[in-house]
Amino acid sequence: MKIHSVGMNLIALGLLLAAAVAQAQTPVGRAARLTGDQVSSAQAPGGPVRKLAEGNPVFAGERIRTGAGTVLDIEFNDKSHFTLGPNAEFEVEKYFQAAGGSAGEEAFSSRVFKGAFRFVSGLIARRKHENVHITIAVATIGIRGTRFEGEVSERHEKDGKTVDASAKVALLEPEGSGGNAIVVENKFGSVVIDKPGFGTEIPDEKSPPSPVRRMQLRTIENLQRSLRLPSGISGPARRF
């Protein structure tokens, strides 16, 4: 009986591993558009770096990087979009969309390590917005079916001193009808942004999100410029 039990357990474990591998090999989206220098790559943990071209699949767990003169738009299977500016790093930590359009336990979690980005929500956010989270260096963004953009600066050394990571986030006009709000939070505090053109700043790794305020027009324009880099034009992202 013990041998039979061990055998059944091994079979169950094998099935679970096979399911995990199959899920990892299923694309969660594709590189829908690249502009500028079109230098972008994807790398699974411990795996080789592969170059991304338009139409190439994107998988959960991969670290996505863009070059100094590249803007990448990723379209996910639920029709949500992530646009990454130059010198950005991004990862889809978890992505699950139920078959047949059923909401089920759908979830979408991702992380922006650095760079400018824009997020436009898709089906998962509309049906299970509480299961959609975007982590940035100094906070987590929860959404209610919406459209927003921001910029993340990673921790770095400057003049022999360590400069903390920081971030800025701004809510944009929604595409179509539906909820339009984000919650930006960390262990020091949280804010709700529900008016387009308003946003928050997290200046370092030890501060809460700043009170919600109308973002300067120059701030929005600079960020949008970095996210629509014209073809053939290279250079670093314009900062807030």
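Throughout, residue positions are numbered sequentially from 1 according to the sequence presented.
There is no side-chain donor-acceptor pair under 3.5 Å between S166 and D204. A donor and an acceptor atom, one from each side chain of N180 and T146, are located under 3.5 Å apart. For the 3.5 Å distance criterion, the side chains of T70 and Q38 fail to qualify, holding no donor opposite an acceptor.
Screening residues 116-154 for ring-ring contact (aromatic ring centres under 6.0 Å, His included) gives F82-F119, F119-F148 as the qualifying pairs, with residues at least two apart or on separate chains. Sorted by first and then second residue, the side chain to side chain donor-acceptor pair (under 3.5 Å) pairs with a member in residues 53-63 read R50-E62, R63-E89; sequence neighbours excluded.
Annotation for V58 and A31: closest pair CG2-N, 4.1 Å, computed over non-hydrogen atoms. The heavy-atom pair separating A167 from I136 by the smallest distance is CB-CD1, 3.6 Å. Closest of all the heavy-atom pairs between V152 and A137 is CG1-CB, 3.7 Å. Of all non-hydrogen atoms in A181 and D194, the two that sit nearest each other are CB-CB, 3.9 Å. Residue A88 comes nearest to G85 through the heavy atom pair CB-O, 3.3 Å, listed as atom of the first residue, atom of the second, then distance.
Residues meeting the side-chain contact (heavy atoms from CB on, under 4.5 Å) test with E205, sequence neighbours left out: V138, R155, D164, A165.
I64 is listed as a side-chain neighbour of L72, based on a closest heavy-atom distance under 4.5 Å. With a 4.5 Å cut-off on side-chain heavy atoms, I143 and S121 count as touching. In this structure the side chain of P209 reaches within 4.5 angstrom of the side chain of N186, judged on heavy atoms. In this structure, F108 and I134 have side chains that are not in contact, with every pair of non-hydrogen atoms separated by 4.5 Å or more. The shortest side-chain heavy-atom distance between V183 and I141 does not fall under the 4.5 Å cut-off. Counting heavy atoms from C-beta on, the side chains of F90 and I74 come closer than 4.5 Å. Contact annotation: the side chain of V71 approaches that of P86 to within less than 4.5 Å [non-hydrogen atoms, C-beta and beyond]. Side-chain contact between R65 and S41: present, with at least one pair of heavy atoms (C-beta onward) separated by less than 4.5 Å.
When each of H81, R33, R118 is checked for a side chain to side chain donor-acceptor pair (under 3.5 Å) with D73, only H81 meets the rule.
The backbone N or O of S80 lies less than 3.5 Å from a partner atom in the side chain of D78, making a donor-acceptor pair. T66 places no side-chain N or O within donor-acceptor distance of the main-chain N or O of L84, the cut-off being under 3.5 Å.
With hydrophobic clusters built from ILVMFWY side chains whose heavy atoms lie under 4.5 angstrom apart, V192 does not share a cluster with I202. Hydrophobic clustering (ILVMFWY, side-chain heavy atoms < 4.5 Å, transitive): V120 and V169 are in distinct clusters. Put simply, I182 and L123 are part of two different groups of oily side chains (I, L, V, M, F, W, Y) that touch within less than 4.5 Å, one to the next. By the rule that hydrophobic residues join a cluster once side-chain heavy atoms approach within less than 4.5 Å of another member, V184 and V212 end up as members of one cluster.
At a threshold of 4.0 Å, the pair E93-R111 counts as salt-bridged, since one of the basic side-chain nitrogens sits closer than that to a carboxylate oxygen.
In this structure, CD on Q97 lies 6.0 Å from CZ on R127, to the nearest 0.5 angstrom. Between the CZ atom of F96 and the CD atom of E106 there is a distance of 7.0 Å, given to the nearest 0.5 Å. Once rounded to the nearest 0.5 Å, the distance linking NZ of K114 with NE2 of H156 reads 11.0 Å.
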- Task: Take R213 and T200, measure what side-chain contact (heavy atoms from CB on, under 4.5 Å) needs, and give me the verdict at the end.
- Result: CA-CA 7 Å; R213 61 181 173 84; T200 184; over 6 Å; no

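Heavy-atom neighbours of K195 NZ from other residues, nucleotides or ligands within 6.0 Å: at or below the threshold of 12.
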